[in-house]
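Quick caveat, the model's predicted, so the values are computed rather than measured. Here is the naming used below: chain letters follow the sequence lines, and residue numbers restart at 1 for every chain.
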Amino acid sequence: MSACGRERAEPANDLHVLPLAGGWGAGAPLLRVEGLCKNYGDRVGCADVSFDLHAGEVLAVVGESGSGKSTLLQLLATRLALDAGRMHYQITGRGLVDLKLLSEADRRWLMRTDWGYVEQNPRDGLRMNVSAGANVGERLMAVGARHYGEIRRTAKDWLQRVEMDPARLDELPTGFSGGMQQRLQIARNLVTRPRLVFMDEPTAGLDVSVQARLLDLLRELVTDLGLAAVIVTHDLAVARLLAHRILVMREGRVVETGLTDQVLDDPQHPYTQLLVSSVLQV
Amino acid sequence: MNGLPGYNFAYLDEQTKRMIRRALLKAVAIPGYQVPFGSREMPLPYGWGTGGIQVTASILGRKDVLKVIDQGSDDTTNAVNIRRFFNRTADVATTDRTEEATIIQTRHRIPEKPLNENQILVFQVPLPEPMTRLEPHEAVTRKLHALADYGLMHVKLYEDIARYGHIATTYDYPVLVNGRYLMAPSPIPKFDNPKLHMSPALQLFGAGREKRVYAIPPWTRVESLDFEDHPFSIQRWQQVCALCDADDSFLDEVVLDGGGRMFVCSDSDYCRTRQAAGHTGTENTPMEVSA
Ligand SMILES: Nc1ncnc2c1ncn2[C@@H]1O[C@H](COP(=O)(O)OP(=O)(O)OP(=O)(O)O)[C@@H](O)[C@H]1O
Ligand SMILES: [Mg+2]
Ligand SMILES: [Zn+2]
């Protein structure tokens with residue numbers, strides 16, 4: 001029986017803001033996740049998932065189809081409501097804040113400044129009916145940028161950073177290849193310099209050669225910007241390339257977690273062993 | 001006389017009017033906020049401004065003097081029909097003259113003559129939600145309003161400049177009311193936007209099909225959205241009115257029978273008043289001013 005079904009005991013002194021120099025070692029985490037649960041009717045989406053994510057750390061979530069990866073990501077990004085569990089996020093100037101207690105306005109502010117969310121299908125993450133520049137500029141405008149020329153300059157810079165031709169600034173994303181759309185979606189998310197980015201299979205659905213270049217780009221950006229990221233993938237090679245740590249899920253639960261190389265080179269759980277070996281067979 | 005036999009004063013039953021008035025009071029209390037109301041079927045098709053008509057019907061008193069304009073004119077079919085409707089159902093006095101009216105129902109224009117505290121302007125609104133074209137889901141736009149999250153509207157203006165070199169929106173130009181709610185001013189030209197700002201008159205907006213009313217109370221701040229380096233500006237003409245020589249009014253281009261063109265005031269009352277005061281343009285001879 002998972003913790004999800006049971007009453008979770010709340011600490012007597014339920015502080016909304018956890019002490020920074022608390023009991024969890026040096027440096028408080030950027031994101032602290034405890035006992036996340038989500039069911040869809042009788043079906044388990046995600047069960048009792050806990051982990052800490054530190055600033056600049058990349059965590060890969062792997063597992064077979066239906067193991068709950070996307071569900072977990074959506075819970076983390078507060079796009080789905082939790083059945084049980086708690087999430088704390090390090091808000092600049094406020095310390096670790098219980099996300100449940102954040103006002104809707106604060107939550108949205110966080111989502112469009114300090115967080116990013118890269119959808120698997122770039123069409124879900126882009127506005128297809130406005131130009132590349134407007135797509136990149138949207139977040140800037142949402143947080144109050146009101147100088148057209150500056151917004152445009154920033155958007156252009158970002159196209160360059162994601163290795164797109166800045167001359168395509170005024171084109172609609174509908175005319176872009178899948179790989180370009182994905183780059184644009186990444187630029188649109190990173191323009192406000194978020195500290196944490198969620199990505200759901202960011203390279204799936206792309207040609208292998210395009211995938212490889214995009215992965216290189218992602219790795220560079222993550223390193224240069226010191227981004228923390230949670231990347232969902234069923235591709236262990238993606239995890240190997242991008243992630244410091246890995247979290248292996250099965251039927252909604254975490255069956256193994258650890259440093260990426262350790263887990264992939266020396267898997268402890270039989271399920272992870274199976275995953276790793278099936279990859280090796282490909 | 002009480003208007004049309006068998007019908008209540010101003011067509012709507014008193015209960016409906018009270019319901020609409022309650023919605024209007026709420027709208028006045030939250031400037032620019034769209035208040036849902038139980039829009040009634042009116043004996044006119046939606047495109048005819050049933051929202052504005054219901055608002056007018058709800059606030060109309062027996063002593064009111066009503067003016068109805070469409071595209072600035074009192075004489076278009078739409079204006080004539082609405083005026084006739086209230087003539088028959090409420091038997092109120094009507095006028096063409098802006099300064100005589102206590103209630104002005106309008107589509108597409110705000111009169112050129114400055115309004116006063118004793119006047120109410122009622123706008124017919126086809127699309128109350130300014131973000132509809134960018135975000136079709138009403139649940140989403142409602143949330144955006146709740147959080148004053150209006151970046152999306154600037155995306156639209158950005159896109160205008162990127163495509164056309166300037167903000168191409170010339171009608172229904174979005175405004176921020178009282179520093180809080182984003183509002184569609186109905187399809188008035190942006191020329192009229194400055195008149196919304198700090199107006200002494202109460203401004204009420206009714207959308208029949210979308211079942212929404214909203215309001216700008218007197219003396220309320222109304223700002224047109226823009227960028228620092230592309231500030232809001234109104235339409236300007238090289239020409240002056242060919243009939244009254246006005247250089248400060250919104251001009252319509254009119255094709256003449258002979259095939260020529262001329263620019264004339266869209267506000268026919270304004271133009272007539274100026275002509276009566278002796279102003280003449282290039283296309284007319286001085287009016288006979290009767291003693
Ligand atoms: N909206 C939903 N309604 C009902 N069940 C759902 C819903 N979304 C996911 N599930 C179920 O929850 C479980 C976890 O699904 P989830 O999409 O999180 O898995 P995943 O690991 O992302 O899979 P994939 O690799 O195929 O994307 C699956 O059994 C799935 O069928
Ligand atoms: Mg998935
Ligand atoms: Zn004139």
* To do: Heavy-atom pairs under 4.5 Å with chain A are the metric here; pick the option from B:L134, B:L157, B:L152 that has the most.
  =>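 Looking at each option in turn, the highest pair count goes to B:L152.
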Region of [X] that comes under 4.5 Å of a non-hydrogen atom in chain A:
{"X": "B:L144", "value": "side chain"}
{"X": "B:H230", "value": "side chain"}
{"X": "B:L147", "value": "side chain"}

* State whether the side chain of A:E138 and the backbone N or O of B:G151 hold a donor-acceptor pair below 3.5 Å, judged by distance alone. =>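 Not confirmed, A:E138 side chain does not pair with B:G151 backbone.
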Locate the shortest heavy-atom distance separating [X] from [Y]; write the atom from each residue and the value.
{"X": "A:A134", "Y": "B:E159", "value": "CB-OE1, 3.1 Å"}
{"X": "A:R152", "Y": "B:Y158", "value": "NH1-OH, 3.5 Å"}
{"X": "B:D229", "Y": "A:Y148", "value": "OD1-N, 2.7 Å"}

* Asked: Considering only heavy atoms from C-beta outward, does the side chain of A:E104 approach that of B:K143 to under 4.5 Å?
  ->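 Yes, side chains in contact.
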* Take atom CZ in A:R107; do more than 12 heavy atoms of anything else shown fall under 6.0 Å from it? ->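 It does: A:R107 CZ has more than 12 such atoms within range.
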* To do: Let me see the working for B:R163 and A:D170 under side-chain contact (heavy atoms from CB on, under 4.5 Å), right down to the final yes or no.
  => CA-CA 7 Å; B:R163 274 190 206 174; A:D170 294 331; over 6 Å; no
* salt_bridge(B:D149, A:R112) N-O dist < 4.0 Å ->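 So B:D149 pairs with A:R112 through a salt bridge.
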* Atom CD in B:E228, atom CZ in A:R146: separation rounded to 0.5 Å? ->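 Between B:E228 CD and A:R146 CZ, I get 9.0 Å after rounding to 0.5 Å.
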